Visitor: 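Below: one structure in structure tokens.
Keep in mind that this is a model prediction, so the values were computed, not measured. In what follows, every chain begins at residue 1, and chains take the letters A, B, ... in the order their sequences are listed.
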Amino acid sequence: MALRLYNTLTRSVEPFVPRDSGKATMYTCGPTVYARAHIGNFRTFLVSDLLRRYLAYAGYDVKWVMNLTDIDDTTIKGANAEGVSLRDYTDRYIASFHEDRRTLGITDADLYPRATDHIPEMVKMVEDLITAKHAYVVDGSAYFKIESFPNYGKLARLNMEELRVGERVASDEYEKEDVRDFALWKAWDAVDGPVAWDTGLGKGRPGWHLECSAMSLKYLGKGFDIHLGGVDLIFPHHQNEIAQTEGVTHEPLARYWVHSEHLLVDGQKMSKSLGNFYTVSDMVNMGWKAREIRYGLLAGHYRQRTNFQASGLESIRQALARFEACSVNLEHAEGQGGRAELQDRIAQREQEFRDGFDDDLNYPEALAAVFNFVRDANTLCQERKIGGSERDLAMEAMKRFDSVLGFLDLSGEAVDPEAAEIEALIEARNAARKAKDWTEADRARDALTERGIVIEDRAGKTVWRRK
RNA sequence: GGCGCCGUAGCCAAGUGGUAAGGCGGAGGUCUGCAAAACCUCUAUGCAGCGGUUCGAAUCCGCUCGGCGCCUCCA
């Protein structure tokens, strides 16, 4: 089976056929950098990361672009409130975004284009849309005329004739020909303060949707492969991107539209008033390790709402400890003769792993395959069938799994600053054990426990790790 | 009003027509000076409820109950 993805455009799971054979192009709607991104935002970015990693694992040459929205109402408001430049203001949150992103092990995208670095491209696109009669200008602002785009509403399956016109239509946009039209370019307003660009369209700033159209077209070209984002972006953001881009190119913007469901926290939508609003650094301060956060946020299928529970940490820790224990077991295995059996297990579990991801990125199924492999490997270790060459085969398989999962932590033994003292205590304990002086042996164990060291006696040697 | 999603064991979570993956937790066992880890066995005759279609349904259809999303700038 090869990769199949659910395409929001057709509401069905389709075989993934890239535009260019062997290559995969992805565009993810990144954060609006007006505040530190929360874990719900990162859940969406993690889904993109998982797809990127799996495509690479499957042999595709991947190009991944994630934009940074550094101009919109909230960023302007924030910068002006503090009296700093928009650039300085957004730089700060771009830095924290990358910091959190790295903490979670989200691989580097090939490009992180910023909206404000692409004003000319956006202006050009608006001018082309005006020429093509898809857009018009009123009082220095440009609007997309949705009536000119027959498929408008298709992505979200919305019937534009029946759309309710609600109070959410901003009062300053009364001059639009049709309330359903959306802004491409906004004429400068006093509240924008110093934030403005003098362009062929006049003094003003771009509308929100425009950057993604301009930048995805610039960096990935026409009809690239996969456009990702959270479900809330289906309408209006992605629908508007489609209208803008296709109004100029007359070709589908992207081949596949992949949307990840929202993250719930403790069963509810995250919100500051409920006190369940967390950033990655909040989680770290609450004692979560990076890989524990990654594991927790990745839980569940991407098209299913996932409930992230702060109380679930212990369960996550125990699950991750199984991977560590397995790699320690392999590391210290001194058996032999299980090569053929091990190869069978690897082939089987890796096939299940691939089948899972191939089926619309069914991560839970793929993860189950890895847990089953862990049990297979542990059993073979226990049966003393694993030795040097088998160990390498098994570890290589684990590394392949981890190239997609990113939380197995197979780094092996980092040099511990207290290693010498710890090993001295272990020596002392083993000497006492040899002399059957259990009191003294337990004293040494207690000393180690106090230092947060857990020891395990195995055949011939004692293994230790930090709790 | 329109479009759409979800309800699976104590908890988390796959499966969407062929007889319930996986993780945590719990019970028992093997191993061990003690312990830890590991391994083995058990832990949903049933998938919100009620009908229907079918040889067969958690999976399809209808209704009911209970959560929830989107409908112009929230991932």
Visitor: Mind checking what makes salt bridge (Lys or Arg N to Asp or Glu O under 4.0 Å) contact with A/Arg52, not counting sequence neighbours?
Guide: none

Visitor: For A/Asp437, which residues count as a side-chain hydrogen bond (donor to acceptor under 3.5 Å, both in side chains) partner, sequence neighbours excluded?
Guide: none

Visitor: At a cut-off of 3.5 Å, list every protein nitrogen or oxygen paired with a nitrogen or oxygen from nucleotides 31-33 of chain B, distance to 0.1 Å.
Guide:
residue	atom	partner	partner atom	Å
B/G33	O6	A/Arg429	NH2	3.1
B/G33	N1	A/Asp442	OD1	3.0
B/G33	N2	A/Asp442	OD1	3.1
B/G33	N2	A/Asp442	OD2	2.8

Visitor: Among the nucleotides B/A75, B/A37, B/C12, which one has an atom lying closest to any side-chain atom of A/Arg458?
Guide: B/A37

Visitor: The criterion is ring-ring contact (aromatic ring centres under 6.0 Å, His included); which residues satisfy it with A/His301, sequence neighbours excluded?
Guide: none

Visitor: Can you list everything that forms a ring-ring contact (aromatic ring centres under 6.0 Å, His included) with A/Tyr57? Sequence neighbours excluded, please.
Guide: A/Tyr54, A/Phe353

Visitor: Which residue pairs satisfy the side-chain hydrogen bond (donor to acceptor under 3.5 Å, both in side chains) criterion with at least one member in residues 317-326 of chain A, sequence neighbours excluded?
Guide: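 Pairs touching residues 317-326 of chain A that pass the test: A/Arg291-A/Glu324, A/Glu292-A/Arg317, A/Glu314-A/Gln318.
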
Visitor: Report, as a single string ordered 5' to 3', how protein heavy atoms within less than 4.0 Å touch nucleotides 13-30 of chain B: B base, S sugar-phosphate only, - not at all.
Guide: SSS-----BSSSS-----

Visitor: Could you list the residues that satisfy side-chain hydrogen bond (donor to acceptor under 3.5 Å, both in side chains) with A/Asn430, not counting sequence neighbours?
Guide: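 Checked A/Asn430 against side-chain hydrogen bond (donor to acceptor under 3.5 Å, both in side chains); matches are A/Arg433, A/Thr462.
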
Visitor: List in chain and number order the residues that pass ring-ring contact (aromatic ring centres under 6.0 Å, His included) with A/His259, two or more places apart in sequence or in another chain; answer none if no residue qualifies.
Guide: A/His238

Visitor: Defining pairs by Watson-Crick or G-U wobble geometry with both distances under 3.5 Å, how would you list the stems of RNA chain B with at least three pairs each?
Guide: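 Paired runs of 3+ in RNA chain B: B:1-7 with B:65-71, B:10-12 with B:22-24, B:25-30 with B:38-43, B:48-52 with B:60-64.
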
Visitor: When you measure from the side chain of A/Asp70 to the backbone N and O of A/Arg114, does any donor-acceptor pair fall under 3.5 Å?
Guide: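 No, A/Asp70 side chain to A/Arg114 backbone: no donor-acceptor pair under 3.5 Å.
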
Visitor: For A/Arg429, give me all partners under side-chain hydrogen bond (donor to acceptor under 3.5 Å, both in side chains), at least two apart in sequence or on another chain.
Guide: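 side-chain hydrogen bond (donor to acceptor under 3.5 Å, both in side chains) list for A/Arg429, sorted by chain: A/Asp457.
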
Visitor: Tell me, please, which residues at least two apart from A/Tyr6 pass ring-ring contact (aromatic ring centres under 6.0 Å, His included).
Guide: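 If we apply the ring-ring contact (aromatic ring centres under 6.0 Å, His included) test to A/Tyr6, skipping adjacent residues, there are no hits.
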
